[in-house]
Amino acid sequence: MKATKLKKAVTWVIQIVLAMIFLTMGMAKLSGVEGTIQLFEQIGFGQWFRFVTGAIEVTASILLLFGPYASLGAGLILITMTGAVMTHLWWIGGSILPPLSLGAAAALLMALRRANRRAEELAMLEEFPRKKSA
């Protein structure tokens with residue numbers, strides 16, 4: 001039982017940290033922080049793509065804070081960070097370590113949430129009273 005509580009606590013810490021990071025990053029993109037404008041100019045898709053990416057990041061950060069939707073938020077982050085890794089490799093250069101590690105954290109979060117859900121289901125099955133057959 002202690003392992004389950006620890007796993008849940010670690011899961012929530014990862015969710016909160018990712019939510020803070022992506023809320024900050026998404027708001028920077030949406031509010032037009034100069035560095036984000038230059039970055040998306042360098043990518044070459046136009047500023048509309050900055051707004052879409054920022055909206056996805058803010059949405060994902062909000063979803064992370066609502067338990068039933070946290071896996072969806074982590075999935076959005078994983079997809080977004082996959083795109084960021086490809087963008088660094090093919091268009092703008094630079095280190096892929098930040099988006100790679102954030103994507104890995106999102107993948108870990110999805111795995112932990114699944115394991116937690118499975119453990120809860122097993123615990124409920126164990127508590128379920130068994131009917132004695134005659």
Checklist line | Shared hydrophobic cluster for M27 and L64 (ILVMFWY, side-chain gaps under 4.5 Å) | finding: no
Margin query: Checking T4 against K8 for the side-chain contact (heavy atoms from CB on, under 4.5 Å) test, could you report, in this order, the C-alpha distance in whole Å, the side-chain angles of both residues, the deciding distance, and whether it holds?
Written below: CA-CA 6 Å; T4 303; K8 282 184 181 182; 4.2 Å; yes
Notebook entry, point to check: Is I56 reachable from F66 through a run of I, L, V, M, F, W or Y residues, each pair having side-chain heavy atoms under 4.5 Å apart?
Noted result: yes
Check: Should W12 and L6 be regarded as members of a common hydrophobic cluster, given that ILVMFWY residues are connected when their side-chain heavy atoms come within less than 4.5 Å of each other, either directly or indirectly?
Finding: no
Next item on the list: Kindly say whether I96 contributes a backbone atom to a donor-acceptor pair with the side chain of H88 at under 3.5 angstrom?
Entry: no
Notebook entry, point to check: Side-chain heavy atoms under 4.5 angstrom apart, residues restricted to Ile, Leu, Val, Met, Phe, Trp, Tyr: same cluster for L97 and I21?
Noted result: no
Note to self: Whether the side chain of T24 engages the backbone of M20 through a donor-acceptor N/O pair (distance < 3.5 Å, no angle test) should be reported.
What the structure shows: yes
Next item on the list: With sequence neighbours left out, write down each residue that passes side-chain contact (heavy atoms from CB on, under 4.5 Å) with V13, or none if nothing qualifies.
Entry: V17
Notebook entry, point to check: When hydrophobic residues are tied together by side-chain contacts of less than 4.5 Å, even through go-betweens, does W48 share a cluster with V33?
Noted result: no
Show me the donor-acceptor pairs within less than 3.5 Å that the side chains of residues 68-86 make with the rest of the protein, sequence neighbours left out.
{"residue": "T80", "atom": "OG1", "partner": "L76", "partner atom": "O", "Å": "2.7"}
{"residue": "T82", "atom": "OG1", "partner": "L78", "partner atom": "O", "Å": "2.8"}

Note to self: Applying the side chain to side chain contact (heavy atoms under 4.5 Å, CB included) criterion to F22, which one of L102, V58, I62 satisfies it?
What the structure shows: L102
Next item on the list: Let me see the working for W91 and F45 under side-chain contact (heavy atoms from CB on, under 4.5 Å), right down to the final yes or no.
Entry: CA-CA 11 Å; W91 286 292; F45 287 157; 4.0 Å; yes
Check: How far apart are the C-alpha atoms of R114 and M110, what are their side-chain angles, what is the distance that settles it, and do they pass the side-chain contact (heavy atoms from CB on, under 4.5 Å) test?
Finding: CA-CA 6 Å; R114 183 175 183 191; M110 292 172 73; over 6 Å; no
Checklist line | Lys/Arg-Asp/Glu bridge criterion (N-O < 4.0 Å) met for R50, E41 | finding: no
Check: Would a distance-only check, ignoring hydrogens and angles, find a side-chain to backbone donor-acceptor pair under 3.5 Å from E57 to L23?
Finding: no
Item checked: Residues forming a side-chain hydrogen bond (donor to acceptor under 3.5 Å, both in side chains) with E34, sequence neighbours excluded -> Q38
Next item on the list: Apply the side chain to side chain contact (heavy atoms under 4.5 Å, CB included) test between L108 and each candidate in L18, I14, T11; give the one that qualifies.
Entry: I14
Next item on the list: Working to the nearest 0.5 Å, report the span between CG of L63 and CD of Q15.
Entry: 11.0 Å
Margin query: Return the NZ to CG distance between K29 and L39, rounded to the nearest 0.5 Å.
Written below: 7.5 Å
